[in-house]
> 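Take a look at this one; I'll ask things after.
Note that these values count all heavy atoms, side chains included, but never hydrogens, waters or copies made by symmetry. Everything numeric in this text was worked out from a predicted model, so none of it was measured.
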Amino acid sequence: MAYQNGAKKEHAFVTIGRDVKEDGYPNLLLLCGEESYLVKWALDLLVSKNVEPAVRMMDYSLLDGKETTWNEIRNQCETLPMLSERRVVAVSEFSPGQPKEMLEEFLQLPKHTLLIFIQEGPCDRSKKSGLAAMVGAAGRVYEFESLDESQLKAFIQKRLKSSGVAVKPSVLSYLI
């Protein structure tokens, strides 16, 4: 559990769940952390919130950041969504090349675009020119740290309940 100013800090899966429910997130996000299944869950949550299933292939792009240039990402972001609320562009494992120019462009992202960067492992906030610092300056970073047992139980129970499955506490403990 992370602490901030001596108090328990809310886990990112709780924060992003509330932000999505209240439409309280910017159009530039970084999803990162040790819990890759939570990163994937958060991405799926954001895509399902913003993209109509019938036009998913047109309004959602998942790009490999190791093989994608900044110009290709920019072109994807400038494309208008067809029938969805927003066009979602997700980029995995991207390393910024020219941080100053990118930060300026992050600040001018079209309102119809949701740009999501995905990184495996903890966010590297030590570099001022790193992706976490740039996204944090212009958008929001969600870092999915390890869950303690009570958080994991709550997360699993909520997912099972939303799928229409009820389990006994003993079964849930066994599952964990």
> Nearest 0.5 Å, what's the CD-CE distance between Glu104 and Met134?
11.5 Å
> Say you draw a straight line from CG of Leu31 to CZ of Arg140; how long is it, rounded to the nearest 0.5 Å?
11.5 Å
> What residues form a side-chain contact (heavy atoms from CB on, under 4.5 Å) with Tyr174, not counting sequence neighbours?
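side-chain contact (heavy atoms from CB on, under 4.5 Å) check on Tyr174 returns nothing, list empty.
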> To check you understand the geometry: which heavy-atom pair defines the closest contact between Ile16 and Leu45, and what is its length?
O-CD2, 4.5 Å
> Would a single hydrophobic cluster contain both Tyr25 and Val88, if residues Ile, Leu, Val, Met, Phe, Trp and Tyr are joined by side-chain heavy-atom contacts under 4.5 Å?
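Yes, Val88 connects to Tyr25 through the hydrophobic network.
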> Just verifying a value: how many Å separate Lys40 NZ and Glu120 CD, rounded to the nearest 0.5 Å?
12.5 Å
> Once you measure the plane-to-plane angle for Phe106 and Trp70, does it fall in the parallel (<30°), tilted (30-60°) or perpendicular (>60°) bin?
perpendicular
> Evaluate the criterion side chain to side chain contact (heavy atoms under 4.5 Å, CB included) for residue pair Phe94 and Asp64; output intermediate values, then yes/no.
CA-CA 7 Å; Phe94 183 73; Asp64 181 352; over 6 Å; no
> Pick one: which of Asp44, Asp23, Asp19 meets salt bridge (charged side-chain N to carboxylate O under 4.0 Å, His left out) with Lys49?
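Going through Asp44, Asp23, Asp19 one by one, the salt bridge (charged side-chain N to carboxylate O under 4.0 Å, His left out) with Lys49 is satisfied by Asp23 alone.
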> Does a side-chain heavy-atom distance below 4.5 Å link Tyr142 with Val39?
no
> Rounded to the nearest 0.5 Å, what separation is found between the CD atom of Glu105 and the CG atom of Leu115?
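Going from the CD atom of Glu105 to the CG atom of Leu115 covers 11.0 Å.
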> Hey, any chance Leu62 and Leu46 share a hydrophobic cluster, counting ILVMFWY side chains that come within less than 4.5 Å of each other, even indirectly?
yes
> Kindly give the heavy-atom pair with the smallest separation between Gly33 and Glu143, and that separation in Å.
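Minimum heavy-atom contact is CA-CG, 4.2 Å.
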> Once the angle between the rings of Phe13 and Trp41 is folded into 0 to 90°, is it parallel (under 30°), tilted (30 to 60°) or perpendicular (over 60°)?
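Rings of Phe13 and Trp41: perpendicular, over 60°.
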> Between Ser84 and Arg87 (side chain of the first, backbone of the second, donor and acceptor by atom type, cut-off under 3.5 Å), is there such a pair?
no
> Supply the atom-to-atom distance Leu29 CG to Ile116 CD1, rounded to the nearest 0.5 angstrom.
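Interatomic distance, Leu29 CG to Ile116 CD1, rounded to 0.5 Å: 5.5 Å.
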> Side chains of Gln157 and Leu160, heavy atoms from C-beta outward: is any pair under 4.5 Å?
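Not in contact.
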> For residues Leu28 and Leu114, report the shortest heavy-atom separation together with the two atoms involved.
N-CD1, 4.4 Å
> How about Ser61 and Gln76: does a side-chain donor come under 3.5 Å of a side-chain acceptor?
yes
> Between the main-chain N or O of His11 and the side-chain N or O of Thr15, is there a donor-acceptor pair closer than 3.5 Å?
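Side chain of Thr15 to backbone of His11: a pair is present.
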> Find out if a path of hydrophobic residues (ILVMFWY) with successive side-chain heavy-atom gaps under 4.5 Å connects Val167 to Ile156.
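Same cluster.
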> Should Asp59 and Arg86 be marked as a salt bridge (charged side-chain N to carboxylate O under 4.0 Å, His left out) after you check the CA-CA gap, both sets of side-chain angles, and the distance that decides it?
CA-CA 7 Å; Asp59 288 346; Arg86 289 180 173 171; over 6 Å; no
> Leu63 and Met58: same hydrophobic cluster, using ILVMFWY side-chain contacts below 4.5 Å?
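As far as the 4.5 Å side-chain criterion goes, Met58 and Leu63 are not connected within one cluster.
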> For the pair Arg56 and Glu52, find out whether any cationic side-chain nitrogen is under 4.0 Å from an anionic carboxylate oxygen.
no
> Is it true that Arg18 and Glu10 make a salt bridge, defined as a side-chain N closer than 4.0 Å to a carboxylate O?
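Salt bridge present between Arg18 and Glu10.
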> Grab the two heavy atoms, one from Cys123 and one from Ala132, that are nearest each other, plus how far apart they are.
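It is CB-CB, 4.2 Å.
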> Looking at every heavy atom in both Pro110 and Cys77, which two are closest together, and how far apart are they?
CG-O, 3.6 Å
> Roughly how far apart are Ser92 OG and Phe117 CZ, rounded to 0.5 Å?
10.5 Å
> Would you say Glu72's side chain and Thr69's backbone share a donor-acceptor pair under 3.5 angstrom?
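Yes: the side chain of Glu72 pairs with the backbone of Thr69.
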> Is Val47 reachable from Tyr37 through a run of I, L, V, M, F, W or Y residues, each pair having side-chain heavy atoms under 4.5 Å apart?
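Yes, it is one cluster - the side chains of Tyr37 and Val47 are joined through contacts under 4.5 Å.
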> Is it the case that the side chains of Asn50 and Tyr60 hold a donor-acceptor pair, with the cut-off being a distance below 3.5 Å and no angle test?
no
> Leu131 versus Leu30: any side-chain heavy-atom pair under 4.5 Å?
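In short, these two side chains touch, coming nearer than 4.5 Å.
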